[in-house]
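See below for the structure under consideration.
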Number of protein chains: 2
Amino acid sequence: MKQKSVDTVEFAKAIADETRQNIMAICCCVLLSVNDIVEKTNVAQPTVSHHLKILKTAGLVRSERHGKQVLYTLNQERMAEGCCQVAENFAPEHPVELVD
Amino acid sequence: MKQKSVDTVEFAKAIADETRQNIMAICCCVLLSVNDIVEKTNVAQPTVSHHLKILKTAGLVRSERHGKQVLYTLNQERMAEGCCQVAENFAPEHPVELVD
DNA sequence: TTATCATATCGAAGTTCTTCAATATGTCAA
DNA sequence: TTGACATATTGAAGAACTTCGATATGATAA
């Protein structure tokens with residue numbers, strides 16, 4: 001059965017920025033507020049919001065509002081799917097698979 | 001034993017362009033001259049050379065001169081390594097592995 | 001060596017991206 | 001409702017990227 005397809009250009013663009021990769025690493029296994037991320041990255045709050053929007057649009061983070069705060073976390077499943085799709089397209093002779 | 005580390009920002013930037021992904025797809029399992037790639041992509045020759053240089057710098061293509069021509073091919077092993085490294089960093093709970 | 005072909009580099013134009021100050025929107029407590 | 005806090009949006013400046021014409025470099029054949 002075929003996986004849901006991934007737009008590998010959008011995926012790659014979304015992760016192709018150092019600040020975004022910092023944010024991704026920081027909220028990898030935890031739920032963090034925007035302010036938490038601002039503090040941990042030393043990047044201005046509008047900048048963090050902007051990057052979160054790009055990651056959200058690409059489906060790479062989930063968010064949920066808790067009161068005044070909005071908590072973000074990395075969507076690891078989508079990350080893994082993106083990686084597998086890139087590998088499937090561009091490394092067909094070195095297969096990479098999701099170990100589920 | 002630890003794999004040679006991958007700069008995931010450079011890796012992601014290298015693949016984060018539609019024209020480059022076209023080139024990558026085209027020379028995935030074959031050796032192609034720059035001119036072959038120009039013809040298959042409808043992109044100007046200097047543009048193709050520029051993209052090939054970016055891919056080369058990131059280690060994602062190999063090249064060998066054959067007479068007047070320079071033949072390029074995608075380095076699938078490096079592609080797979082890049083994908084695995086991204087997954088390792090950003091999807092540790094959805095492990096992805098290279099099936100060798 | 002010279003002419004020709006293939007690729008690389010240069011330089012400029014246009015586009016996209018990153019960043020942040022200022023401000024708007026949304027949420028809650030009082 | 002009002003005030004205070006948290007996040008999103010706007011708008012502008014600068015940086016980085018893509019593209020291609022013109023040209024340079026490298027390789028071969030005659």
Side-chain angles (χ1 to χ4, degrees), chain A residues 7-27 30-75 82 86 90, chain B residues 7-27 30-75 82 86 90:
Chain A
D7 177 339
T8 56
V9 174
E10 184 186 31
F11 172 72
K13 283 189 170 170
I15 67 172
D17 178 80
E18 186 171 13
T19 301
R20 263 183 324 267
Q21 286 200 9
N22 287 340
I23 291 172
M24 288 158 59
I26 285 172
C27 65
V30 284
L31 270 173
L32 290 180
S33 71
V34 176
N35 216 24
D36 290 337
I37 298 170
V38 168
E39 285 168 5
K40 287 175 189 282
T41 55
N42 281 326
V43 168
Q45 178 268 313
T47 303
V48 169
S49 281
H50 173 244
H51 287 305
L52 286 170
K53 189 178 188 179
I54 289 169
L55 292 171
K56 187 84 195 280
T57 299
L60 298 179
V61 294
R62 297 182 180 292
S63 63
E64 38 186 279
R65 184 173 276 278
H66 280 227
K68 298 182 204 176
Q69 310 190 110
V70 179
L71 305 183
Y72 284 84
T73 192
L74 193 59
N75 187 338
V86 170
F90 304 118
Chain B
D7 178 339
T8 56
V9 174
E10 185 185 31
F11 172 71
K13 283 189 169 169
I15 67 172
D17 179 81
E18 187 171 13
T19 301
R20 262 184 324 266
Q21 287 200 8
N22 287 340
I23 292 173
M24 288 158 58
I26 285 172
C27 63
V30 283
L31 269 174
L32 290 181
S33 71
V34 175
N35 216 24
D36 289 338
I37 298 170
V38 168
E39 284 168 6
K40 288 175 189 281
T41 55
N42 280 329
V43 168
Q45 179 267 314
T47 304
V48 170
S49 281
H50 173 244
H51 286 306
L52 287 170
K53 188 178 188 180
I54 289 170
L55 293 171
K56 187 84 195 280
T57 299
L60 298 179
V61 295
R62 298 182 180 289
S63 63
E64 39 186 278
R65 184 174 275 279
H66 280 225
K68 298 184 204 175
Q69 309 191 112
V70 179
L71 305 183
Y72 284 85
T73 191
L74 194 59
N75 186 338
V86 170
F90 304 118

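Chain letters run A, B, ... following the sequence lines, proteins first, then strands; residues in each count from 1. Because the structure is predicted, anything quoted here is derived from the model rather than measured.
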Between B:His51 and B:Ile37, does a side chain to side chain contact (heavy atoms under 4.5 Å, CB included) hold up when you go through it step by step? CA-CA 11 Å; B:His51 286 306; B:Ile37 298 170; over 6 Å; no

Rounded to the Å, how far apart are [X] [atom1] and [N] [atom2]?
| X | N | atom1 | atom2 | result |
| --- | --- | --- | --- | --- |
| B:Ile23 | D:dT19 | CD1 | C1' | 12 Å |
| B:Lys53 | C:dC10 | NZ | C1' | 10 Å |
| B:Asn22 | D:dT18 | CG | C1' | 14 Å |
| B:Leu31 | C:dT7 | CG | P | 12 Å |
| B:Leu55 | C:dA8 | CG | C1' | 15 Å |
| B:Glu18 | C:dT16 | CD | P | 13 Å |
| A:Glu39 | D:dA6 | CD | C1' | 12 Å |
| B:Leu52 | D:dT19 | CG | C1' | 15 Å |

Does [N] have OP1 or OP2 sitting under 4.0 Å from an N or O in the side chain of [X]?
| X | N | value |
| --- | --- | --- |
| A:Tyr72 | D:dA6 | no |
| A:Lys68 | C:dG26 | no |
| A:Arg65 | D:dT7 | no |

Side chain of A:Asn22, backbone of A:Thr19: donor and acceptor closer than 3.5 Å?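 Flag not set: sc A:Asn22 to bb A:Thr19 has no pair under 3.5 Å.
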
Determine whether a donor-acceptor pair (N or O, by modelled atom type, separation under 3.5 Å) exists between the side chain of A:Gln21 and the backbone of A:Ile15.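 Side chain of A:Gln21 to backbone of A:Ile15: a pair is present.
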
Distance from [X] atom [atom1] to [Y] atom [atom2], nearest 0.5 Å?
| X | Y | atom1 | atom2 | result |
| --- | --- | --- | --- | --- |
| B:Thr57 | B:Leu52 | OG1 | CG | 10.5 Å |
| A:Arg62 | A:Thr73 | CZ | OG1 | 9.0 Å |
| A:Leu31 | A:Ser63 | CG | OG | 10.0 Å |

Report yes if some heavy atom in the side chain of A:Val61 is under 4.5 Å from a heavy atom in the side chain of A:Leu74; otherwise report no. yes

Please list, pair by pair, any protein nitrogen or oxygen found under 3.5 Å from a nitrogen or oxygen in nucleotides 18-24 of chain C.
unit_1 : atom_1 : unit_2  : atom_2 : d
C:dT18 : OP1    : A:Asp17 : OD1    : 3.2
C:dT18 : OP1    : A:Arg20 : NH1    : 3.3
C:dT18 : OP1    : A:Arg20 : NH2    : 3.1
C:dT18 : OP2    : A:Arg20 : NH1    : 3.2
C:dT19 : OP1    : A:Thr19 : OG1    : 3.1
C:dT19 : OP2    : A:His51 : NE2    : 2.5
C:dC20 : OP2    : A:Ala44 : N      : 3.1
C:dC20 : OP2    : A:Thr47 : OG1    : 2.8

